[in-house]
Colleague: 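Here it is: the structure, laid out below.
Side chains included, hydrogens not; waters and symmetry mates left out as well; all remaining heavy atoms used. Here, residue 1 is the first one in the sequence, and each next residue gets the next number.
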Amino acid sequence: MKKLSDILYKAGVVRVVGNPHARIGEIRFDSRLVGKGDLFVAVRGTQADGHAFIGKAIESGAAVVVCEEMPGTLIPGITYAQVTDCSFALGVMASNYFDNPSEELTLVGVTGTNGKTTIATLLYQVFTGLGYGCGLLSTIRNVIMGKVIAATHTTPDPLALNALLRQLADEGGQYCFMEVSSHAVAQNRIAGLNFAGGIFTNLTHDHLDYHKTFKDYLLAKKKFFDLLPSRAFALVNKDDKNGMVMVQNTTARIRTYAVKSPADYKCRITENLLEGLQLTINETEIYCRLTGEFNAYNLTAVFGTALLLQQPAENVLTFLSSVPPVEGRFDTLHSDNGITAIVDYAHTPDALKNVLTTIEEIRTRNEKLITVVGAGGDRDRSKRPLMGGICAAKSDLVILTSDNPRSEEPEEIIAEMQAGISAELKRKVMVIVNRREAIRTACHLAKPGDIILVAGKGHEKYQEIKGIRHHFDDKEILEEMLLNENQKPI
């Protein structure tokens, strides 16, 4: 049992009616989960307003209600705490409830449109390799001291997030690397956390279904850096036009990384092959198993972060030269007869452009590039024609298919992708709505030496259709199809 006054510390309290020292059980923001003695936070969400469920929470046993607007009738025996912002208060209260675990850890956040998962995962791998106890909070998975915990959101809700950080601290963890999504910043999921540093990757077209305008999306990312304490570092991609915009108002120590511009941490690509990258980072040459210019940026960000966290450059580069590709990020397999298949999570116009440009730079032009791609339903529709146009322009054959259609009809999503493809490029485009059949067709059409890119889902092991998640793994299906063609992956 926790004391209410301790939980409400720095939570933006306006007034408390009732017992400020009440003892509470759990903190809940879903009225369906409330039990006897719990504290209910009436968060205003995108789908519903928690204030409408205060009565239900009290009926279920809530002893304390945290709200922005006091109910018209206050029930005797119930304590009410009015706050300026329930989502902010929830984040702060979650940290307080779990005894502020982020203050016991070196917590580094990674934000931007593309590259978050790769950078966070590489940092986890490098620091684990250097002998530290580490945690990873990412789109793919959450990992606490080597134990994998399934991830449901890029950034968990404040209660789940602080529970994971508390587990890491209690088990002797020292570092935690986490993706910080624009949604998480806008919804105050990271309120109350103590960050030692923040990394900005890039900013391109995404999530406008939620943020509505690019400016709002940019400001959500920027807010993360605005809130960093002066003792923290802010490491930004100087080659991105929004890199320095992110740190205009930060009090954190500003450092930069780049491939094309002068920067504190500078990378130069010597050789870019399907098998990996030959790089020079701050005058030291290394070979890495990751491919593409976008990964040169990711590796340089990891290098810069490690140095900012006082790690020896030589040790960091040694580990970077041995880390494997991140699951679903330019994840390759090769068949015996020379077909190369690539699975990548690219689901934005810029991410697709990066992956296709990388393939373009390392292919011989004697082979055919077949791209299988779709777009997610119930998400930013404006990026669909851009995705279709980019894939058609940079591929020899495009198979438009279903991704996670969610509540939408996949045929309608595909039609919106086709709208961005010029008349002269449409001859290179096929439509196969069934994703498994689309991948099978790509494997059937591929000849020795050809390249197949299956984009959009990457690490995901499901396909979401009409609210139901069905098992679906792009890489698993590619391997199965290539095996059926007597092309055993190696």
Side-chain angles (χ1 to χ4, degrees), residues 29-30 32-33 45-48 114 116-118 120-121 136-144 147-157 159-161 163-164 178-179 181-184 187 189 206-207 209-210 326-329 331 333 341-348 351-352 372-381 383-384 387 399-417 431-442 453-481:
F29 59 93
D30 184 337
R32 295 167 296 183
L33 302 178
T46 55
Q47 304 298 322
N114 303 312
K116 297 187 297 295
T117 300
T118 296
T121 302
L136 169 67
L137 305 178
S138 78
T139 303
I140 296 178
R141 64 176 64 88
N142 299 319
V143 187
I144 302 296
K147 295 186 290 291
V148 177
I149 302 164
T152 55
H153 294 81
T154 300
T155 309
D157 71 66
L159 293 169
L161 177 53
L164 288 166
M178 68 176 286
E179 295 185 50
S181 68
S182 56
H183 293 70
Q187 296 169 7
R189 286 185 232 159
D206 199 16
H207 297 307
D209 55 309
Y210 178 82
V326 176
E327 182 186 8
R329 269 64 176 177
D331 201 348
L333 59 96
I342 301 166
V343 175
D344 197 275
Y345 188 54
H347 60 283
T348 67
L352 280 168
V372 180
V373 65
D378 301 336
R379 296 295 186 268
D380 181 5
R381 294 175 57 185
K383 67 183 182 182
R384 294 172 185 173
M387 292 167 66
I399 303 177
L400 296 178
T401 189
S402 181
D403 188 285
N404 291 319
R406 300 184 176 90
S407 70
E408 292 191 63
E409 294 301 326
E411 293 86 353
E412 294 176 7
I413 297 172
I414 291 170
E416 291 187 5
M417 295 185 77
V431 173
I432 302 176
V433 176
N434 183 290
R435 191 174 180 91
R436 175 183 287 273
E437 183 62 21
I439 296 172
R440 190 198 72 79
T441 301
L453 170 65
V454 181
K457 292 176 59 59
H459 63 281
E460 292 179 348
K461 302 293 190 286
Y462 64 86
Q463 187 174 33
E464 186 174 336
I465 304 170
K466 302 297 183 185
I468 300 172
R469 289 191 171 188
H470 307 268
H471 176 74
F472 199 99
D473 184 332
D474 283 349
K475 190 169 183 180
E476 179 184 286
I477 292 168
L478 272 170
E479 291 176 343
E480 173 192 323
M481 298 302 179

Colleague: Residues in side chain to side chain contact (heavy atoms under 4.5 Å, CB included) with A375, at least two apart?
Modeller: R384, M387, I413, M417
Colleague: Is there a side-chain contact between F29 and D157 in this structure, where contact means two heavy atoms from C-beta onward sitting under 4.5 Å apart?
Modeller: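 F29 reaches D157 side chain to side chain.
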Colleague: Checking E411 now: which residues fulfil side-chain hydrogen bond (donor to acceptor under 3.5 Å, both in side chains) with it, not counting sequence neighbours?
Modeller: none
Colleague: Measuring from atom CD1 of I399 to atom CD1 of I414, what distance do you get when rounded to the nearest 0.5 angstrom?
Modeller: 11.5 Å
Colleague: So which heavy atom on D403 is nearest to which on A455, and how close?
Modeller: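 Where D403 meets A455 most closely, the heavy atoms are OD2-O, 4.4 Å.
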Colleague: Working to the nearest 0.5 Å, report the span between CD1 of I439 and CZ of F472.
Modeller: 4.5 Å
Colleague: Which value, rounded to the nearest 0.5 Å, describes the distance between K461 atom NZ and K475 atom NZ?
Modeller: 9.0 Å
Colleague: Can you tell me how far the CG atom of L453 sits from the CG atom of L352, to the nearest 0.5 Å?
Modeller: 7.5 Å
Colleague: Between R436 and E480, does any NZ, NE, NH1 or NH2 come within less than 4.0 Å of an OD or OE carboxylate oxygen?
Modeller: yes
Colleague: Measuring from I432:CD1 to T441:OG1, what's the distance to the nearest 0.5 Å?
Modeller: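 Between atom CD1 of I432 and atom OG1 of T441 there are 3.5 Å.
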Colleague: Between R141 and E327, is there a side-chain heavy-atom distance shorter than 4.5 Å?
Modeller: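 E327 vs R141: side chains touch.
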Colleague: With a 3.5 Å distance limit and no angle check, can you tell me whether R406 reaches the backbone of G377 through a side-chain donor-acceptor pair?
Modeller: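 Looks like yes, one N/O pair under 3.5 Å.
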Colleague: Counting N and O atoms only, with roles assigned by atom type, does the side chain of E464 sit under 3.5 Å from a partner on the main chain of R469, one being a donor and the other an acceptor?
Modeller: no
Colleague: Under 3.5 Å, is there a donor-acceptor pair between the H459 and R329 side chains?
Modeller: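 There is such a pair (donor and acceptor under 3.5 Å, judged by atom type) between the side chains of H459 and R329.
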Colleague: State which residues pass side-chain hydrogen bond (donor to acceptor under 3.5 Å, both in side chains) with N404; sequence neighbours excluded, sorted by chain then number.
Modeller: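 Testing N404 for side-chain hydrogen bond (donor to acceptor under 3.5 Å, both in side chains), a comparison that skips the adjacent residues, returns K457, E460.
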Colleague: Where do T139 and Y345 land on the side-chain contact (heavy atoms from CB on, under 4.5 Å) test, with the steps shown first?
Modeller: CA-CA 11 Å; T139 303; Y345 188 54; 4.0 Å; yes
Colleague: Any side-chain to backbone donor/acceptor pair from E179 onto K116? Under 3.5 Å, distance only.
Modeller: no
Colleague: Just do the side-chain contact (heavy atoms from CB on, under 4.5 Å) check on V143 and I149 with the steps written out, would you?
Modeller: CA-CA 6 Å; V143 187; I149 302 164; over 6 Å; no
Colleague: Write down the atom of P405, the atom of I465, and the distance for their closest heavy-atom approach.
Modeller: CG-CG1, 3.8 Å
Colleague: Determine whether a donor-acceptor pair (N or O, by modelled atom type, separation under 3.5 Å) exists between the side chain of T401 and the backbone of V433.
Modeller: yes
Colleague: Any donor-acceptor pair under 3.5 Å linking the side chain of Q463 with the backbone of H471?
Modeller: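 Side chain of Q463 to backbone of H471: no pair is present.
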Colleague: Of the non-hydrogen atoms in V372 and A442, which two are nearest, and what is the gap between them?
Modeller: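 Closest approach of V372 to A442, heavy atoms only: CG2-CB, 3.7 Å.
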Colleague: Between E416 and K383, is the salt bridge (Lys or Arg N to Asp or Glu O under 4.0 Å) condition met? List the steps.
Modeller: CA-CA 9 Å; E416 291 187 5; K383 67 183 182 182; over 6 Å; no
Colleague: Could you state the interatomic distance from CG (D331) to CG (D344), rounded to the nearest 0.5 Å?
Modeller: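 Interatomic distance, D331 CG to D344 CG, rounded to 0.5 Å: 8.5 Å.
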